[in-house]
Amino acid sequence: MSKPKVGFNWLASCGGCEEAVVDLEEAILDVVEAVDIVFWPCAMDFKKDDVRSMADGEMDVCFVNGAIRTSEEEEMSRLLRKKTKILIAFGSCSHMGGIPGLGNFYSSESILKSSFLESPSTVNAEGVIPKTETKRSEGILTLPAFQETAKSLDQVVEVDYYVPGCPPPVKLLKDAVQAVLENKLPPKGAVLAPDVAQCTDCPRQDTKPEKLEIKEFKRPFEIEIDPKKCLLAQGLMCLGPVTRSGCDSACMKANMPCTGCLGPTSRVKDFGAKAMAGFASIIDSTDEEEIDRLLDSIVDPEGTFYRYSLPKSYMHAICTTMRNGSGKKGA
Amino acid sequence: MSNGEKTPTGFEPRIVAFFCNWCTYTASDLTGISRLIYAPNVRVIRVMCSGRIDPQFILAALREGADGVLIGGCHPGDCHYQEGNYKALRRFKLLKRFLNRMGVEDERIRLEWIAASEGDKVQKVVNEMTEQVRKLGPLHLAPIATPEAFEHEDKQELVAAGAEGESS
């Protein structure tokens, strides 16, 4: 039997997911042994035409990381979907929109304005803002369009599996490759990670009090963190209770609270809403004013609870009325 | 996508109400028994306790077409389960901060403590909220893309290009 053909691609992402592939270390040699890598523009010289020239469904598996924000990313997603039998959303951005998804708190117009005109490090005296078409004496120059919102991969094309994480833990990637090679994949649409919360296998689990009661939310730099004690009990915003397990408690072992990159378990539809429910519950107060004061101590609550998942939330992005400028703006 | 129903009389808001079994739902029964009329714009869902209301329910209601969400629970200190309404209060306050950031006006989400004996309060709150939301108009959430929508677009393009034969 010929080796399975595998591709990797990145869209709106930081490159950390590609790093996760390299983090396979020596094991990558086994992967290369077992599969044919036919597309990996980050590591080797591949062009879009290489994909175009493939037959439909020619690639067996394609790992796609990154959110979809531009017309080019959208086109590439659809092209890869056509050429791939098993399309895997790889990493938080393609899984839930990820960090680029935080852009959905603003209108595309205000993002361009802020990046190209207003940021203190920008020198742009002529006030140039990227346009899809620019006429020059040599002809028309084109750029991909910056779309209104950032999207997860499954909002653009059908996705077969998800490997979560920012970046995905090496073990999850290894397991996914193994599952593909041994043809032991779960039913379509599954997230290839354990379907339990972080707390289940957290080494600090035993120090989690029976009833959590928080009088003040703290940020990691504000306190000396006890390396053994439950981080929630120390007042830190640890999203472990709402986050899927699968990273071997990487952050908690490094004495940092979970930020929720692996996303929710299968029972939760809206990660941030569930996180809000949990954190509001453990606030130790029944007094309206005190509750307000305690909530004030959560810095950037929206960004904390929806750090990786805003595009996949019920809200998806700011209301269109706000976008059109008739409402108040969060910017 | 417009959430509101356009009727010949103008925009009729759709409000989803979550009422707790022990106080507010019983109060709304009293409203009916007392023959008090209130706006028909509200769709009441009975829950055992306001503390059962997951913020996900509220967001799902808004996404599925509600223009506003009303939550009714027992007065502080009166919760059948001791502290469910306090949980509801804290969740409501936190969720409201998020919704405000997303551009959902404050008046669209309301929490009221209504005891079983306060049938008239149900009438007052529902009528008041209906009018406030009516003034705001339909809620326009950012549309969520789906792969199906893209496929539909593709077909449209193919039809426009006169290549219907190839689309099948």
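Just so it is clear: chains get the letters A, B, ... in the order the sequence lines come, proteins before strands, and each one is counted from 1. Being a predicted model, the structure only gives us computed values, none of them experimental.
- Heavy atoms from other residues, nucleotides or ligands lying under 6.0 Å from CZ of Arg35(B) number 12 at most.
- A 6.0 Å sphere centred on CD of Glu131(B) holds more than 12 heavy atoms belonging to other residues, nucleotides or ligands.
- In this structure, the portions of Val156(A) lying under 4.5 Å from any heavy atom of chain B include both its backbone and its side chain.
- Using a 30° and 60° split on the angle between ring planes, Phe105(A) and Phe98(B) fall in the perpendicular class, above 60°.
- At a 4.5 Å heavy-atom cutoff, Glu148(B) makes no contact with chain A through either its backbone or its side chain.
- Side-chain atoms of His140(B) and Arg323(A), non-hydrogen and from C-beta on, never get closer than 4.5 Å to each other.
- Contacts between Leu89(B) and chain A at a heavy-atom distance below 4.5 Å involve the side chain alone, from C-beta outward.
- Within 6.0 Å of CD on Glu107(B) lie more than 12 heavy atoms contributed by other residues, nucleotides or ligands.
- For residues 263-294 of chain A, heavy-atom neighbours of chain B at less than 4.5 Å comprise Val268(A), Lys269(A), Asp270(A), Ala273(A), Lys274(A), Met276(A), Ala277(A), Ala280(A), Ser281(A), Ile283(A), Ser285(A), Thr286(A), Glu288(A), Ile291(A), Asp292(A), sorted by residue number.
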Between Met315(A) and Leu99(B), does a side-chain contact (heavy atoms from CB on, under 4.5 Å) hold up when you go through it step by step?
CA-CA 9 Å; Met315(A) 291 289 116; Leu99(B) 286 175; 3.8 Å; yes
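- Annotation: side chain of Leu94(B) is in contact with side chain of Pro301(A) (closest heavy-atom distance under 4.5 Å).
- Nearest heavy-atom pair, Tyr314(A) versus Ile144(B), reported as atom, atom and distance to 0.1 Å: O-CD1, 3.9 Å.
- Atom NZ of Lys135(B) is surrounded by 12 or fewer heavy atoms from other residues, nucleotides or ligands within 6.0 Å.
- Using non-hydrogen atoms only and a strict 4.5 Å limit, the part of residues 69-95 of chain A facing chain B consists of Glu74(A), Arg78(A).
- Per-residue counts of heavy-atom pairs under 4.5 Å with chain A were compared for Ile53(B), Ile58(B), Thr146(B); the largest is that of Thr146(B).
- Summarising the geometry of Thr320(A) relative to Ala142(B), their closest heavy-atom pair is CG2-CA, 4.1 Å, with the distance given to 0.1 Å.
- For Met102(B) against Leu310(A), the heavy-atom pair with the smallest separation is CE-CD1, 3.9 Å.
- Of the listed residues (Gly77(B), Ala88(B), Gly51(B), Ala145(B)), the greatest number of heavy-atom pairs within a distance under 4.5 Å of chain A belongs to Ala145(B).
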Report the C-alpha distance between Arg97(B) and Asp296(A) in whole Å, list the side-chain angles of each, state the deciding distance to 0.1 Å, and finish with yes or no for side-chain contact (heavy atoms from CB on, under 4.5 Å).
CA-CA 10 Å; Arg97(B) 287 170 185 230; Asp296(A) 285 340; 2.9 Å; yes
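- Chosen from Gln56(B), Arg91(B), Lys87(B), the residue pairing most often with chain A at heavy-atom distances under 4.5 Å is Gln56(B).
- Within a 6.0 Å sphere centred on NZ of Lys113(A), heavy atoms belonging to other residues, nucleotides or ligands number 12 at most.
- Considering only heavy-atom pairs separated by less than 4.5 Å from chain B, the leading option among Val157(A), Ile298(A), Val159(A) is Val157(A).
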